Amino acid sequence: MPPQKSLQIFSLLLAISLTLFTISNAATTINQKFKEAPQFYNSPDCPSVSDVIDDPDSPSSSEEYDEPIFCSDEAVHVAMTLDTAYIRGSMAAVLSVLQHSSCPQNIAFHFVASATKTNITYLRATISASFPYLKFRVYSFDDSSVSGLISTSIRSALDCPLNYARSYLANLLPLCVRRVVYLDSDLVLVDDITKLAETDLGNNSVLAAPEYCNANFTSYFTPSFWSNPSLSLTFANRKACYFNTGVMVIDLDRWRGGDYTTKIEEWMELQKRMRIYELGSLPPFLLVFAGNIVPVDHRWNQHGLGGDNFRGLCRDLHPGPVSLLHWSGKGKPWARLDANRPCPLDALWAPYDLLQTPFVLDS
């Protein structure tokens with residue numbers, strides 16, 4: 001058989017194998033079953049969310065938003081992305097938020113799911129089954145709105161269009177939602193989220209997040225960026241520090257007023273023409289906001305517990321108190337636990353895991 005023909009057959013068999021592997025993985029994910037979480041109740045001094053704010057642009061009169069909590073300034077609004085690959089992490093994150101909140105019934109969850117690659121019906125049903133009393137909405141995110149702007153990064157998971165949905169929250173959520181806490185799906189809270197949600201953003205700031213000024217900020221951008229004065233001057237007169245976009249408090253009114261989604265997209269368009277960074281959706285946020293955010297105590301994002309993006313090595317906590325544990329990086333706690341190769345800190349995630357194992361015996 002000619003070598004060229006052999007190579008074609010090998011390539012075809014490899015493609016078929018990869019397709020079957022992908023289908024198998026997807027089926028395994030969708031077949032996951034989760035336990036019902038306990039119901040959590042407000043403490044007596046929690047504010048009422050029964051009064052809808054008076055906003056002429058509010059969609060609260062429509063059937064979809066007929067529950068007052070979705071347009072209440074007294075509610076804590078939490079935004080997360082939702083997909084089949086990370087649903088297990090999302091469920092754990094939601095449970096941790098509710099379990100440690102003094103006013104869990106005052107939390108409104110806003111989930112963003114891919115309109116083309118995600119089974120929204122399955123995701124909505126899965127959340128409802130485990131959290132039957134949860135106040136939540138699922139918003140459809142059109143992958144095509146951002147897929148043409150994405151450049152390849154150092155880890156393929158970072159190139160998923162849904163990873164960029166955080167830049168579009170102001171467009172996706174109702175106009176009556178003025179402030180939101182954005183959370184990644186690979187974290188758990190061990191403190192009351194209300195404390196984070198009430199972060200003072202001052203008179204002008206659009207977002208707040210823990211920032212890390214000891215990190216090597218220059219490493220997030222390429223030499224081509226720093227050698228071009230018209231680009232590097234972006235950070236002139238700004239004390240630009242690294243911050244992790246997996247935990248943010250965002251003023252959506254100010255975001256909309258400043259059209260920050262467009263500003264982020266402009267940097268992504270430039271990245272397509274000349275490579276100025278390597279790391280997915282984070283650098284555009286840094287270009288727009290670094291040096292202009294309200295810093296939050298580091299306890300609210302003990303990040304990097306997934307290890308580095310290449311080897312996924314175990315990491316320890318940063319010094320100081322802990323309110324939020326974040327498994328950002330390559331390794332995820334559920335995957336390491338399933339493989340029986342957990343990192344020590346993965347034991348802190350395990351109590352929030354709602355996955356129903358097939359080996360549970362009735363007592």
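Small disclaimer: the values here were computed from a predicted structure and weren't measured.
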Salt bridge (charged side-chain N to carboxylate O under 4.0 Å, His left out) partners of [X], counting only residues at least two apart:
X    : answer
R299 : none
R238 : none
R179 : none
D297 : none

Output all residues satisfying side-chain hydrogen bond (donor to acceptor under 3.5 Å, both in side chains) with [X], sequence neighbours left out; order by chain, then residue number.
X    : answer
N237 : none
S90  : S185
Q99  : none
D191 : K195, S323

- Task: Please list, chain by chain and in numerical order, all residues satisfying ring-ring contact (aromatic ring centres under 6.0 Å, His included) with Y220, sequence neighbours excluded.
- Result: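 ring-ring contact (aromatic ring centres under 6.0 Å, His included) check on Y220 returns Y242.
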- Under the side-chain contact (heavy atoms from CB on, under 4.5 Å) test, which residues partner D253, sequence neighbours left out?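 Testing D253 for side-chain contact (heavy atoms from CB on, under 4.5 Å), a comparison that skips the adjacent residues, returns R178, D251, R256.
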Could you pull out all donor-acceptor pairs under 3.5 Å where a side-chain atom in residues 102-111 meets a protein atom, sequence neighbours excluded?
unit_1: S102; atom_1: OG; unit_2: D192; atom_2: OD2; d: 2.7
unit_1: Q105; atom_1: OE1; unit_2: N42; atom_2: N; d: 2.9
unit_1: N106; atom_1: OD1; unit_2: N42; atom_2: ND2; d: 2.9
unit_1: N106; atom_1: ND2; unit_2: P47; atom_2: O; d: 2.8
unit_1: H110; atom_1: ND1; unit_2: Y139; atom_2: OH; d: 2.6
unit_1: H110; atom_1: NE2; unit_2: H77; atom_2: ND1; d: 2.9

Please tabulate, for side-chain N and O atoms in residues 197-204, each donor-acceptor pair with protein atoms closer than 3.5 Å (sequence neighbours left out).
unit_1: T199; atom_1: OG1; unit_2: L196; atom_2: O; d: 2.6
unit_1: D200; atom_1: OD1; unit_2: G202; atom_2: N; d: 2.8

